[in-house]
Amino acid sequence: MASATYHFRDCFRVINKEALHWFPGHMGKGLKQMQQKLKSVDCVIEVHDARIPLSGRNPDFKHTVCGLKPHILVLNKKDLADMSYSSKVLARLKQEGTSDVLFTNCKDAKCSGVKKIIPRACELISTSNRYNRSEASEYSIMIVGVPNVGKSSLINTLRNRFLGKPSAAPVGAKAGITKSVQSSIKVSEDPKVYLIDTPGILTPSIRDVEAGLRLSLCASLQDHLVGEEIIADYLLFWLNKHRRFNYVELMGLQEPSDNIGTVLTHCALKLGKTLKLRNYDGQYTYKPDMTCAAAFFLKAFRNGDLGTILLDEDLVHGPVS
Ligand SMILES: Nc1nc2c(ncn2[C@@H]2O[C@H](COP(=O)(O)OP(=O)(O)OP(=O)(O)O)[C@@H](O)[C@H]2O)c(=O)[nH]1
């Protein structure tokens, strides 16, 4: 496959930008609850997806919950991210003022990043001014982030690992599983450390369209809001732009294509997924099930079947915003 001979789109056009805005009632309410809870918290751990380390973080956290207490940024799902960029990502984040960063994989019980979280948080808390909490012997840490980045999974992993206790926070592959600020969950005995799970919160208006599409691709917005076929088209655009052609075989194609209709049609036929439709004359025709093919394509990306990917690859080299 000679990549130089293919010509692809150099920008992605979104027709309905409004579809990228998702701020249901529980998010606004959740943010208020988090602000109220802040006075009984010693540290904030912000969890984000390691595939989008430089985009999609909720900018509102900076002024509401993250700027006021010791802060650690946990980049989770590192098993799905291209970690060859990790030192560049860390340098970039440091330039932007975020210096305490850990990469984690909640699916790996031996993950070294997970092991470092509680010791690092305790270190930051013990050297900070705890104000009204200076007498409290236990440490309380609030876990925040956009939806579906693995906040609840992280709490469960830490609890399993440090206390040998069963999971206590509900986890799900769909965005918006945790709907309100939860009660404290113990994850360490000595020192006593409690974590507070919170709902995933997006900013009411995602101004950066590309960041919104990347969040959608990482399933931080529910697929039906943006549309599976649009998210799949953005995935195709990204893969072609970065000359990542391992989708060709997976989707039943002979060669790369920039046309999502072509890609999904081939995939649906390969999977044998068709829709039976009745014509005006009462006859039935069969049509490739594009939504099903799009869901298959997205699942492949989200499971890591297309390899490890850093969706923010271009931002690693770009100017600081
Ligand atoms: N591959 C991979 N998947 C992960 C990892 N951590 C969590 N997940 C998966 O990501 C999905 C979301 O996990 P949750 O823990 O529910 O995420 P959350 O941030 O609490 O989600 P909300 O309740 O929507 O805010 C689940 O399907 C998890 O199994 C990880 O490190 N690697």
Side-chain angles (χ1 to χ4, degrees), residues 22-31 33-34 37 44-53 56-58 60-61 65-66 72-83 86 101-117 141-161 166-185 187 195-203 206 214-226 295 298-311:
W22 187 43
F23 195 72
H26 81 262
M27 290 193 190
K29 203 170 149 207
L31 192 59
Q33 289 174 336
M34 284 153 73
K37 196 90 185 173
V44 175
I45 294 180
E46 181 186 355
V47 184
H48 198 58
D49 195 308
R51 291 166 293 180
I52 44 170
R57 281 167 66 197
N58 187 338
D60 303 337
F61 284 155
V65 287
C66 285
I72 299 173
L73 175 65
V74 167
L75 294 173
N76 188 39
K77 307 196 186 186
K78 74 170 202 175
D79 51 311
L80 302 173
D82 183 349
M83 291 299 286
S86 61
V101 185
L102 292 168
F103 287 96
T104 59
N105 169 10
C106 288
K107 301 264 175 188
D108 175 11
K110 294 198 189 97
C111 174
S112 61
V114 171
K115 255 194 268 180
K116 288 180 193 156
I117 294 176
I141 302 171
M142 188 153 74
I143 311 292
V144 307
V146 298
N148 211 42
V149 288
K151 297 179 292 301
S152 307
S153 302
L154 187 70
I155 294 175
N156 291 335
T157 307
L158 290 168
R159 186 169 158 87
N160 305 154
R161 178 174 202 121
S167 300
V171 166
K174 212 170 112 183
I177 294 287
T178 308
K179 290 237 168 14
S180 60
V181 173
Q182 305 292 297
S183 43
S184 300
I185 296 172
V187 295
L195 300 186
I196 301 165
D197 199 3
T198 65
I201 314 267
L202 291 162
T203 188
I206 299 173
R214 289 175 188 185
L215 281 169
S216 312
L217 197 42
C218 294
S220 278
L221 278 82
Q222 290 180 4
D223 287 345
H224 68 92
L225 298 167
V226 183
L298 295 179
K299 194 170 173 200
F301 165 76
R302 290 168 184 167
N303 284 344
D305 299 341
L306 295 171
T308 56
I309 284 175
L310 188 83
L311 290 172

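Note that ligands are numbered from 1 as they come in the structure, with each ligand's atoms numbered from 1 the same way. Counting begins at 1 with the first residue of the sequence. Quantities reported herein were computed from a predicted structural model and do not represent experimental measurements.
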Report summary line: The answer, listing residues by chain and number that come under 4.0 Å of ligand 1 through any heavy atom, is N76, K77, D79, L80, N105, C106, K107, P147, N148, V149, G150, K151, S152, S153, V171, G172, A173, A175, G176, I177, T178, G200
Query raised in the report: Do D79 and D108 touch side chain to side chain, with heavy atoms closer than 4.5 Å?
Result: no
Query - Side-chain heavy-atom pair I141, I117 within 4.5 angstrom cut-off - result: no
Report task. Please determine, by modelled atom types, if T104 and N76 share a side-chain donor-acceptor pair under 3.5 angstrom. Result -> yes
Query raised in the report: Listed by chain and number, what are the salt bridge (charged side-chain N to carboxylate O under 4.0 Å, His left out) partners of R57, not counting sequence neighbours?
Result: E46
Query - Option passing side-chain contact (heavy atoms from CB on, under 4.5 Å) with C218 (candidates V149, L80, D49) - result: D49
Query raised in the report: Out of curiosity, K77 NZ to N148 CG, how far, rounded to the nearest 0.5 Å?
Result: 4.5 Å
